[in-house]
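Please read the structure below before turning to the comments.
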Amino acid sequence: QVQLVESGGGQVQAGDSLRLSCAASGRTASIITMGWFRQAPGKEREFVAAISWRGGTTSYADSVKGRFTISRDNFKNTVYLQMNSLKPEDTALYSCAARRGSYHAMNGDAYDYWGQGTQVTVST
């Protein structure tokens, strides 16, 4: 099993930045890909970004490309999501996920482990 714990969420104003963290523990050697997803009230879960745990290859949703950066620290077993130029439409519960496969799946069902999420609220 793998446990994921997110942190770093908060309430900010439009244009501000936040950095989310996701600490992994347990059988982390089984992780191949880490991803960030978000879900706003009344909306479906949305893919945000993914990163290959070993090689560092990244993928992004078009809605965040150029503003968000996903990175990882293998020694700390932690994945980060640096979010710049935040917009009110970025408001959501952000969750990290891990999967044993190498494909940067945009479907959350492809991920094996999930954290509880951290809330990000962006006001105008």
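Hydrogens, waters and symmetry mates are skipped; everything else that's a heavy atom, side chains included, is used. As the structure is a computational prediction, the values presented were derived from the model and not from experiment.
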How long is the span from the OH atom in Y94 to the CG atom in L81, to the nearest 0.5 Å? 7.5 Å

Verdict with reasoning, R54 to I32, per side-chain contact (heavy atoms from CB on, under 4.5 Å): CA-CA 7 Å; R54 295 184 176 91; I32 302 298; 2.8 Å; yes

How many angstroms lie between atom CG of D90 and atom CD of E46, to the nearest 0.5 angstrom? 9.0 Å

Under a 3.5 Å distance rule, please check whether Y113 uses its side chain to pair with a backbone N or O of R100 as donor and acceptor. no

Taking all non-hydrogen atoms of both residues, which atom of S95 and which atom of G117 are closest, and how far apart? OG-CA, 3.6 Å

Side-chain donor-acceptor pair present, S52, H104, cut-off under 3.5 Å: yes

Establish whether M34 and W114 are linked, either directly or via other cluster members, by ILVMFWY side-chain heavy-atom contacts under 4.5 Å. no

Any idea which heavy atoms bring V12 and S17 closest together, and the distance? CG1-O, 4.4 Å

d(I70 CD1, L20 CG) to nearest 0.5 Å is 10.5 Å

Could you tell me whether E44 atom CD has more than 12 heavy atoms of other residues or ligands within 6.0 Å of it? no

To the nearest 0.5 Å, what is the distance between CD on Q39 and CD on Q119? 11.0 Å

Without swapping roles, check the side chain of T33 against the backbone of R99 for a donor-acceptor pair under 3.5 Å. no

Measure across P88 and T124 and return the closest heavy-atom pair with its distance rounded to 0.1 Å. CG-CG2, 3.4 Å

Nearest 0.5 Å, please: how far is CD in Q13 from CG in L86? 11.5 Å

If I take atom OG1 from residue T118 and atom CZ from residue R38, how far apart are they, to the nearest 0.5 angstrom? 14.0 Å

Does C96 offer a backbone N or O that forms a donor-acceptor pair with the side chain of E6 under 3.5 Å? yes

So, using ring-ring contact (aromatic ring centres under 6.0 Å, His included) as the criterion, who are the partners of F47 when residues are at least two apart? F37

Does one hydrophobic cluster hold both M106 and Y111, with members joined at side-chain heavy-atom distances below 4.5 Å? yes

Expected output: side-chain T58 to main-chain I51 donor-acceptor under 3.5 Å: no

Polar side-chain atom of R72 near backbone of W53 as donor-acceptor pair, under 3.5 Å: yes

Main-chain N/O of R27 paired with Q1 side-chain donor or acceptor, under 3.5 Å: no

So D109 and R45, do their side chains get closer than 4.5 Å, heavy atoms only? yes

K65: partners by side-chain hydrogen bond (donor to acceptor under 3.5 Å, both in side chains), with sequence neighbours left out: D62

Honestly curious: do L93 and Y80 fall in one hydrophobic cluster under the side-chain, below-4.5 Å linking rule? no

